[in-house]
Amino acid sequence: MSPRQKMNTQRVSTFLSAAHLEQLRLDAEKKGITVSALIRMIILAYFAEK
């Protein structure tokens, strides 16, 4: 059995204001996900709308 291929293997860094990061933390906590997962979800929704 071959190992499962990894998805989402590219890392991107960005800078956010403390206020924006705090808002992302709060929104992620409400959804029960990580900030990283929330950002990924927002980006995928953006591309789905295009």
Side-chain angles (χ1 to χ4, degrees):
M1 187 175 194
S2 63
R4 200 169 102 189
Q5 191 171 14
K6 291 184 180 182
M7 295 182 69
N8 305 323
T9 59
Q10 299 296 311
R11 182 179 297 263
V12 177
S13 296
T14 188
F15 295 92
L16 301 170
S17 69
H20 287 136
L21 181 55
E22 182 60 23
Q23 187 60 57
L24 286 170
R25 282 186 183 137
L26 292 172
D27 291 351
E29 188 176 313
K30 287 178 190 174
K31 292 180 181 292
I33 58 176
T34 64
V35 172
S36 180
L38 178 61
I39 292 170
R40 188 178 308 114
M41 197 170 76
I42 292 166
I43 291 169
L44 291 175
Y46 167 81
F47 284 117
E49 290 176 7
K50 283 184 108 180

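Side chains included, hydrogens not; waters and symmetry mates left out as well; all remaining heavy atoms used.
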Can I get a per-line list of side-chain donor-acceptor pairs under 3.5 Å for residues 42-50, giving both atom names and the distance, sequence neighbours left out?
none

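- Taking CD of E29 as the reference point, atom OG1 of T34 lies at 12.5 Å (rounded to 0.5 Å).
- In this structure, the side-chain contact (heavy atoms from CB on, under 4.5 Å) partners of S17, at least two apart in sequence or on a different chain, are A19, H20.
- Residue L16 is grouped with residue L38 when hydrophobic side chains (ILVMFWY) are merged at heavy-atom distances under 4.5 angstrom, including chains of intermediate members.
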